[in-house]
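Throughout, numbering of the chain's residues begins at 1 and tracks the sequence.
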Amino acid sequence: MKLSARNQLNGKITNVELGAVMANIKIEISEPNTITAVITKESAEKLSLAEGDDVTAIIKSTEVIIGK
């Protein structure tokens with residue numbers, strides 16, 4: 001996947017919490033750190049996000065977008 005955004009962190013999903021509308025996705029990045037992305041439940045389901053998936057956290061301003 002090619003993007004113009006340069007703020008990208010590769011990592012592995014460690015937790016997926018699906019709510020009624022939103023989903024919290026915890027991502028462990030290269031160093032022993034974790035970031036949390038809050039995305040819509042629809043997006044989490046469309047990407048079929050699950051614990052153990054390798055993903056890229058793409059940081060845009062005040063948002064974290066997940067690419068798989």
For residues 12-21, the side-chain hydrogen bond (donor to acceptor under 3.5 Å, both in side chains) pairs (sequence neighbours left out) are Lys12-Asp54

Across all chains, not counting sequence neighbours, the side-chain hydrogen bond (donor to acceptor under 3.5 Å, both in side chains) partners of Asn10 are Thr56

Sequence neighbours excluded, the answer for salt bridge (charged side-chain N to carboxylate O under 4.0 Å, His left out) partners of Lys26 is none

Does Ile29 share a hydrophobic cluster with Val16, counting links as ILVMFWY side-chain heavy atoms below 4.5 Å and allowing steps through other members?
yes

Taken to the nearest 0.5 Å, the spacing of Ile35 CD1 from Ile66 CD1 works out to 8.0 Å

Which side-chain N or O atoms in residues 39-51 pair as donor and acceptor under 3.5 Å with protein atoms at least two apart or in another chain?
{"residue": "Thr40", "atom": "OG1", "partner": "Ser43", "partner atom": "N", "Å": "3.1"}
{"residue": "Thr40", "atom": "OG1", "partner": "Ser43", "partner atom": "OG", "Å": "2.9"}
{"residue": "Glu42", "atom": "OE2", "partner": "Lys46", "partner atom": "NZ", "Å": "3.4"}

In this structure, OG1 of Thr36 is separated from CG of Asn24 (nearest 0.5 Å) by 6.5 Å

On a heavy-atom basis, the closest approach of Ala23 and Leu18 is CB-CD2, 3.6 Å

